[in-house]
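See below for the structure under consideration.
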Amino acid sequence: MTTSISPKPPLDSAPMSVRAKLAAAWTSFMFLYVYVDVLNFYKPGVVDGILDGLVWRFDISATLLTIFLVTVSLPAVMVVLSTTLPARVNRTLNLVVAALLIPYSIFNAAGSTWEWAVFYAISIGVELLILAFILRTAWTWPRGTATSDTSAAAAGQLARH
């Protein structure tokens with residue numbers, strides 16, 4: 001008696017939507033951004049500086065913390081906006097915000113010593129790779145026809161009801 005072994009079906013490789021790719025990338029960026037900040041607290045002198053009222057060489061103030069809050073909020077907000085905004089606005093906003101965060105990410109190495117070069121090269125390098133992915137994904141956003149966009153929206157409406 002012979003037994004037949006049926007081949008395994010291929011892994012699902014359905015295409016992922018541009019919106020999902022962008023939201024995933026912003027989520028990754030956000031987590032990395034936060035973890036790098038947390039790990040930075042372990043650098044000698046950082047916590048002492050904060051307790052003395054200084055971040056880098058800046059006095060801690062409501063204005064400084066508000067600027068920090070806005071900049072760390074951008075990736076979190078971009079997760080939501082990447083999944084909800086119309087394609088044209090979404091594409092433009094992703095290009096603008098990712099481009100603006102590139103110099104901000106690089107600035108994090110300002111005043112660093114060679115002892116910390118690898119830490120900053122890895123953290124900033126990965127941040128820049130994620131931002132480059134966001135820029136490329138938004139820049140190459142496929143153009144669709146009005147009928148396919150309308151039919152996709154209609155299918156989404158039917159699926160919800």
Side-chain angles (χ1 to χ4, degrees), residues 11-43 46-47 50 55-112 116-161:
L11 295 175
D12 178 30
S13 60
M16 183 183 234
S17 76
V18 173
R19 294 173 192 277
K21 287 179 186 179
L22 290 169
W26 282 114
T27 301
S28 296
F29 182 86
M30 182 179 62
F31 277 114
L32 178 63
Y33 198 83
V34 170
Y35 286 135
V36 168
D37 282 351
V38 169
L39 291 173
N40 191 54
F41 290 139
Y42 291 96
K43 258 175 71 176
V46 170
V47 173
I50 292 169
V55 174
W56 293 302
R57 291 183 174 90
F58 302 110
D59 289 330
I60 295 175
S61 65
T63 302
L64 182 67
L65 292 183
T66 301
I67 292 168
F68 288 172
L69 178 62
V70 168
T71 57
V72 300
S73 296
L74 285 174
V77 171
M78 288 306 297
V79 173
V80 175
L81 295 179
S82 293
T83 60
T84 58
L85 287 177
R88 184 177 301 239
V89 176
N90 200 335
R91 177 180 184 263
T92 302
L93 190 61
N94 271 279
L95 290 170
V96 169
V97 173
L100 288 174
L101 284 175
I102 289 172
Y104 189 81
S105 290
I106 294 169
F107 174 76
N108 284 321
S112 181
W116 294 95
V118 174
F119 174 80
Y120 285 110
I122 293 170
S123 63
I124 293 170
V126 175
E127 285 178 6
L128 293 177
L129 286 173
I130 294 170
L131 290 170
F133 174 82
I134 291 167
L135 287 169
R136 182 181 174 281
T137 302
W139 186 260
T140 60
W141 195 311
R143 302 239 183 239
T145 62
T147 55
S148 67
D149 290 345
T150 306
S151 61
Q157 288 294 334
L158 290 175
R160 285 188 217 125
H161 294 294

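Along the sequence shown, residues carry numbers from 1. Just so you know, these numbers come straight off a predicted model, no measurement behind them. Only heavy atoms go into these numbers, but all of them, side chains included; no hydrogens, no water, no symmetry mates.
- Between Val46 and Val55, every side-chain heavy-atom pair lies at or beyond the 4.5 Å cut-off.
- Atoms CH2 and CZ, on Trp141 and Arg136 in that order, are 14.5 Å from each other to the nearest 0.5 Å.
- No donor-acceptor contact under 3.5 angstrom links the side chains of Tyr33 and Asn108, judged on distance only.
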Run the side-chain contact (heavy atoms from CB on, under 4.5 Å) test on Phe29 and Val126 for me, step by step, so that the C-alpha distance in whole Å, both residues' side-chain angles and the decisive distance to 0.1 Å come before the verdict. CA-CA 9 Å; Phe29 182 86; Val126 175; over 6 Å; no
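- Residues Leu32 and Ser123 come closest through the heavy atom pair CD2-O, 3.9 Å.
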Just list the side-chain donor-acceptor pairs under 3.5 Å for residues 86-100, sequence neighbours left out, or say none.
{"residue": "Asn90", "atom": "OD1", "partner": "Asn94", "partner atom": "ND2", "Å": "2.6"}
{"residue": "Asn90", "atom": "ND2", "partner": "Ser82", "partner atom": "O", "Å": "2.8"}
{"residue": "Arg91", "atom": "NE", "partner": "Ala138", "partner atom": "O", "Å": "3.0"}
{"residue": "Arg91", "atom": "NH2", "partner": "Trp139", "partner atom": "O", "Å": "3.1"}
{"residue": "Thr92", "atom": "OG1", "partner": "Arg88", "partner atom": "O", "Å": "3.1"}
{"residue": "Asn94", "atom": "OD1", "partner": "Trp26", "partner atom": "NE1", "Å": "2.5"}
{"residue": "Asn94", "atom": "OD1", "partner": "Ser82", "partner atom": "OG", "Å": "3.4"}
{"residue": "Asn94", "atom": "ND2", "partner": "Ser82", "partner atom": "OG", "Å": "3.4"}
{"residue": "Asn94", "atom": "ND2", "partner": "Asn90", "partner atom": "O", "Å": "2.9"}

*Audit row: Asn40, Tyr120, side-chain hydrogen bond (donor to acceptor under 3.5 Å, both in side chains) steps and yes/no*: CA-CA 10 Å; Asn40 191 54; Tyr120 285 110; 3.2 Å; yes
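- Leu39 places a side-chain heavy atom less than 4.5 Å from the side chain of Phe119.
- Expressed to the nearest 0.5 Å, how far CG of Leu131 lies from CD1 of Ile124 amounts to 11.5 Å.
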Indicate every side-chain donor-acceptor pair of residues 63-73 with a distance under 3.5 Å to a residue at least two apart or in another chain.
{"residue": "Thr66", "atom": "OG1", "partner": "Ala62", "partner atom": "O", "Å": "2.7"}
{"residue": "Thr71", "atom": "OG1", "partner": "Ile67", "partner atom": "O", "Å": "3.2"}
{"residue": "Thr71", "atom": "OG1", "partner": "Phe68", "partner atom": "O", "Å": "2.9"}
{"residue": "Thr71", "atom": "OG1", "partner": "Tyr104", "partner atom": "OH", "Å": "3.0"}
{"residue": "Ser73", "atom": "OG", "partner": "Leu69", "partner atom": "O", "Å": "2.6"}

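- Looking at heavy atoms from C-beta onward, Phe133 lies out of side-chain contact with Leu129 at the 4.5 angstrom threshold.
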Review item, side-chain donor-acceptor pairs of residues 13-25, under 3.5 Å, at least two apart:
{"residue": "Ser17", "atom": "OG", "partner": "Ala20", "partner atom": "N", "Å": "3.0"}
{"residue": "Arg19", "atom": "NH1", "partner": "Leu85", "partner atom": "O", "Å": "2.4"}
{"residue": "Arg19", "atom": "NH2", "partner": "Leu85", "partner atom": "O", "Å": "3.3"}

